Amino acid sequence: MPDRRIGDTTRWCVYKFGGTSVASAECYQTVRDIILTAQESTPRMAVVVSAMGGKPKVTDLLIETVMLAAKGDVEGYEQMLHLVREKHLACATQLFSPAGAQFYETELDEDIRNLRDILRAVSFMRYSGEKIIELVSGHGEIWSARMLTRLFRDGGHDFMFVDARKVLFVDESGESGPDVMWERSKGALDDYMAQSPGACPVITGFVASTVEGVVTTLKRDGSDYSASIFGRLLNATGITIWTDVDGVLSADPRRVPEAKVLADVSYSEAMELAYFGAKVIHPKTMTPAVAASIPIFIRNTFNPSFSGTRIYVSSASTMDRDKCVCGFSTVDNMALLNLEGSGMIGVPGIANRLFGAIQQTGISVSLIAQASSEYSISFATRQCDADAAAKAVTDEFFREFKSHLMNKVDIIRPCSIIAAVGDGMSNTKGAAGKFFKALGNAGVNVLAISQGSSERIISAVVKGSDSTKSLRAVHSAFLLSNQVISVGLVGRGKVAKAMVEVLRAQADMLYGRFGTEFHLRAVMDSTGMLLSSTGPTLGLEGLDAAFNAYKLPADLKAFTKHVRAEHLPHAIIIDCSDAEEVAREHPGWLEQNIHVVTANKKGLCGSMSLYNAILRQRKVKQHNYMYEVTVGGGLRIITSLQAMLIGGDSILRLEGALSASMNYVMGLISPVPPCRVPSLDSNGRSSSISSSMSNSSGSGGLRRSYSSLLNGHTHETAKTPLSLSEAVSEASRLEVFERDPLNDLNGVEMAQKLLVLAREMGLPLRLEDVKIETLVPKDTPLDEIHRYNEEVAARVTAARIRGSVLRYVGCINEAGEAEIGIQEVPFEHPFATVRGAGYCFRIFSAFHSPDPITIQGTIGLPKATAAGLFSDLLFVAQRLGATDKGHTVQGVRVLSDSLIEA
C-alpha cells in the first residue's frame, strides 16, 4: 500500500525492517512482497534491515559469544556460533534454490571463521572491549541484508547488497554518541551505488565505520537510526519503519488496552513520547529526518494494509481542543529526591552546585521542579541511582547540612513519571487543569510537577503503585479512550439482579453516548463471592450460574481489594444489601477512594457515629456517596430535598406515606369508596398527579403480580375492605414487604426512612427519638395478627363515616420532632389516593408556602429501583469526567441546544 506522501517516482523511498520483520523465512517473503508492491508506485526503493529477530535474537547470540569467550568458555561460544549458523542456514534453505543456499552458506561460513579467530583471541586475553563487541555483534545485519538481497535476485529483481561499514562514516569523539560525517558518507555511498546503476540497495542497519576506518555501531536503536541517515543521504521522500505494531500508540497497550494508533504526530511530539517510554522509535532516530524535513512512517509488517502513523513537522490531530494531547507515556522505577532549607533562599549558584555534583557522578536527571520561593528543589533519577545521587548532594552541601541551613536529602521511591504530550496544549486553555483533575479524581497524589514553556508536555511524578491507574485516568480524560470504572456489587436479591440487567441493557448506550464502561469485577452476598479472575470483567450473561459454580467464601476485605484494582483509576461499590455489617464498611470504602452507590440505608439511619464517619470521609476524600434510592425507590425524593435546602429554602414540615408496603396494606383494609376512586387510564394507572417508573419488563407472572401490586385494589375489591390479617397475607404473598413484615408493621422500616430525611435536613435524630404508633402491639407474632382484626376494622368504619380513610404516615414537624402513626385523611387527600404499593411525600417550605410540594408514585418493579441506582452510577461517572455526547431523536443527535445529524 503506498505511503501517504507526495508522489515522486524519481526520488528514493527508504523502507526499514526490524528484527521481528525478518525473524523467519516466511517473514522475509512478506518483506519481499511489501517492497515489490511498493515499487509499483515508487520504483526507487532503498531497504535497510536489522539482524534476524525471533527467539533467540541473532544480535543477542553474538554478544553472548563475546561474553563467553571473555570467560574462557570455548565450548559455550562455539555452541552460540552453531546456533547462529543453523538459524541462518535453515532460513536460506527454505528461501533459495540449492545453488543459492550453497552460495549463501559459503559466505556465512567465511564470516564465522573470522569471528572464531576473534573470539579465540578474546578467550586468550580474557578481555571483551566495546569495540570487539561492536565488531562481532554487527554481523547479524550483514547476514540479514545478504539474505534479502539474494531473495530479490533469485526472483529476477535488480537489488544490490550495500555494506554500511563501507559507506557510512561517523565521528565518535563527541559525548552524545556517533556523529555522521555527512559529506564523506554521501560521496562513499554515491561511488558504491555507481557500481550497479539502477539497482535498489539493501543496506545493513546498525553498523558503520569510524573516521579511521574501524568498524563500529550506531548503538541503541541503530538500525532505525541507519534508516533515517540513509533517508537524508538519498534525499528520500519518506522513511518507513516497518515493525510489529500498527503505529505510534496513544499509550502503552499493556496498561491501557483502549490505546489507539495515532494517525499522525509531529516530530516534537514523537520525540517527547519516545523519551518517556514509547517503544516504537528513539528520539535520535528522527534527527536526520527532521533536519531534512522527511516524513517518517511507522507501519506493521504483519498488517501492511493499515496506514500506520505519520511523523512530520506538525500534526493536525492535536489541534482539536478535546484532543490537544496525542498521547501519554510513563517512566517507571524512578526516585524523587528533594533538597530543601532556608539556606537556599536567594543564594545564587545553588542549582549549579546541585546539578554539577550530580553530573560528576554521571547520573542523568529526568525531571526538575523548584518552588518559586527557592526553598526547595526536587529532581527525579532512576531508582537505582538514587542513593549515589543523594550522597553526591550530601557531600556537596556538607557545610550547609552541618550548619542546619539545609535539611537532609529526602528520597521517595519507587516513583513513576507520567507525561502528557501534545502540540495542541499550547493553544488550549485548561489542558493542565484537565490533566491534574483526572489524577485527582482517580485518587492519585502528585509528588512533583514540571512543564516547559513550550507547553508541549506536562510531567508529573506519582507513586510507582499509581502508575497504571494514572495512565488510564488521564488517557480517558482527554477522550483518547473510554473511561473504565471498576464495579463491585453487594447483594443478589431482586434489586441486585435487576441492576445487573440494567448494566447489560445500557452498556451500548454508555459506550456510545458517555464513553464509559462499567466493568463488573466482583459480586458478593452472605453465601459467598465471585471475582473476575480470567478477564477484566464478569460476564453479565449467566452470572447466577457462574456465581453458584465458582463462588468463593465471602470476604469483605478480599472483595474490596479486588474491586479497588491498582490498574484501574476509578472504583464504585453498589450496595444492594440490607446488612448493617456491610453498611459499616462504607466509610472505609470512601477512605480507600472507592465511590459508593447504595440502596442500603443502614449507614444513614444507624448510629450517629457511623453516619458522621460517612460524612467525614465523603468530605475529606471528596468521593461520591450516592443514596437516592434509600427513600422512595426510583423517585427523586432526596435530590429534591437537597435542591431546596441548597437553594436557601427552609423546610417547615415534611410528611409522607413513606412505606410502600404499609400503603398497600392500608389501601386494602381502608380503601377509598368506589365512587371516590380516581379514574384510571388505559394502562390501569391513576390520572392524579403522580410519577411511576416503567414496569414493562420481567416475566409474565411477575408482571401480572406487580400489576395488581402497583394498581392496588380494583373497583370490585374496593367495595369490601379486607381484614388486617387478610391484607397482611396478601402483601406477603406478593412479596411487598422489604425483609421482615414485622419491621414494616411496627413502623421500623418507615422510621429508618424518616431518619434519613431528618438527618438530610440537619436534625441529629436517632431511631429511639422517633415516636412510633404501631398498627398492632409491637411484639405481636404474625400468626396472631388476626386477634386485632375487629379493632382495626372498627377504626376503619369510624373513619369512613367521617369521610376519611386510615393511612400510616410519618412526619417531621415544625419543632424538628419525628413521629409515625395512623392518621385519618379525607378521601381526596394525596395520601388516600396512593394506589397500591406506592409513596407520597409532602414538603412544606418557606419558599413554597402555603401549598406543599407533593411527590407521588408507585414503588415500580425492582428494575425501577435499579434504574435509580444506575442514574447515580452515571452521575458518578460524569463527575469523574464522562462527557455526554448527546442523545438521538429520529436519526438526529442532539447536543445542547443544537441539532447535528448523527
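Please read all numbers here as calculations on a predicted model, not as lab measurements.
In this structure, Trp242 and Phe17 have parallel ring planes: the angle between them is below the 30° cut-off, well short of the 60° mark. Aromatic ring pairs are classed by plane angle as parallel below 30°, tilted from 30° to 60° and perpendicular above 60°; the pair Tyr312 and Tyr267 is perpendicular.
The neighbour count for Arg184 CZ, taken as heavy atoms of other residues, nucleotides or ligands under 6.0 Å away, is above 12. Dense packing is recorded around CD of Glu396, with more than 12 heavy atoms of other residues, nucleotides or ligands lying under 6.0 Å away.
Here the straight-line distance linking atom CZ of Phe302 with atom OG1 of Thr243 works out to 8.5 Å at 0.5 Å rounding. If you take CZ on Arg153 and CG on Leu148, they are separated by 11.0 Å, rounding to the nearest 0.5 Å. Rounding to the nearest 0.5 Å places OG of Ser268 at 9.0 Å from CE of Met286. In this structure, CD in Glu64 is found 9.0 Å from CG in Asp73, a value given to the nearest 0.5 Å. Between atom CD1 of residue Ile112 and atom NE2 of residue His88 there is a gap of 8.5 Å, rounded to the nearest 0.5 Å. Interatomic distance, OG1 of Thr240 versus CD1 of Ile298, reported as 8.5 Å (0.5 Å rounding).
The two residues Ile411 and Ala390 make their nearest non-hydrogen contact at CD1-CB, 3.8 Å. Looking at every heavy atom in both residues, Ala69 comes nearest to Leu119 through CB-O, 3.6 Å. Of all non-hydrogen atoms in Ala335 and Ala386, the two that sit nearest each other are CB-CB, 3.6 Å. The two residues Phe328 and Leu273 have their closest heavy-atom pair at N-CD2, 4.0 Å. A pairwise comparison of heavy atoms in Leu337 and Ala389 identifies CD2-CB, 3.9 Å as the closest pair. For the pair Ala23 and Lys87, the tightest heavy-atom approach, listed with the atom from each and the gap, is O-NZ, 4.3 Å.
Counting only distance, with no hydrogens or angles, the side chain of Ser228 and the backbone of Tyr225 share no donor-acceptor pair below 3.5 Å. Of the possible donor and acceptor atoms, none in the side chain of Ser416 sits under 3.5 Å from a partner among the backbone N and O of Val462. A donor-acceptor pair is defined here as one N or O able to donate and one able to accept, closer than 3.5 Å; no such pair exists between the side chain of Lys16 and the backbone of Val14. Under the 3.5 Å distance criterion, the side-chain polar atoms of Thr309 are matched with a main-chain donor or acceptor of Leu262. When atom types are taken as modelled, the side chain of Thr361 and the backbone of Ile358 share a donor-acceptor pair closer than 3.5 angstrom. Distance alone, capped at 3.5 Å, places no donor-acceptor pair between the Ser128 side chain and the Ala70 backbone. At distances below 3.5 Å, not a single donor-acceptor pair connects side-chain atoms of Ser196 with backbone N or O atoms of Ala199. Side-chain atoms of Arg299 come within 3.5 Å of backbone atoms of Pro304 as a donor-acceptor pair (strictly under, hydrogens ignored). Side-chain N or O atoms of Thr204 include none that pairs as donor or acceptor with a backbone N or O of Ile142 at under 3.5 Å. For the pair Glu141 (side chain) and Val49 (backbone), a donor-acceptor distance under 3.5 Å is absent.
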Run Asp111 and Trp143 through side-chain hydrogen bond (donor to acceptor under 3.5 Å, both in side chains) and show every step you take. CA-CA 9 Å; Asp111 289 337; Trp143 299 327; 2.9 Å; yes
Between Thr149 and Met160, does a side chain to side chain contact (heavy atoms under 4.5 Å, CB included) hold up when you go through it step by step? CA-CA 6 Å; Thr149 304; Met160 63 180 294; 5.6 Å; no
Hey, mind stepping through Leu234 and Leu189 against side chain to side chain contact (heavy atoms under 4.5 Å, CB included) and telling me if it holds? CA-CA 9 Å; Leu234 295 169; Leu189 179 62; 3.8 Å; yes
Would Arg456 and Ser266 satisfy side-chain hydrogen bond (donor to acceptor under 3.5 Å, both in side chains), going step by step from the backbone distance to the final call? CA-CA 11 Å; Arg456 181 178 295 115; Ser266 69; 5.1 Å; no
CA sep, side-chain torsions, deciding dist, call: Arg413, Asp387, salt bridge (charged side-chain N to carboxylate O under 4.0 Å, His left out): CA-CA 11 Å; Arg413 56 187 166 189; Asp387 291 329; 3.0 Å; yes
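With a 6.0 Å cutoff to the six-membered ring centre and a 45° limit on the axis angle, Arg146 counts as a cation-pi contact of Phe161.
Ionic pairing of Lys463 and Asp466 is not present here: no N-O contact between side-chain nitrogen and carboxylate oxygen is shorter than 4.0 angstrom. By the 4.0 Å N-to-carboxylate-O rule, Asp395 lies close enough to Lys391 to be salt-bridged with it. A salt bridge links Glu172 with Lys131: at least one charged nitrogen is closer than 4.0 Å to a carboxylate oxygen. Under 4.0 Å is where a charged nitrogen must lie from a carboxylate oxygen, and between Asp191 and Lys186 no such pair does.
The shortest side-chain heavy-atom distance between Tyr15 and Ile241 does not fall under the 4.5 Å cut-off.
In this structure Phe355 satisfies the ring pair (Phe, Tyr, Trp, His ring centres under 6.0 Å) test together with Phe379, sequence neighbours excluded.
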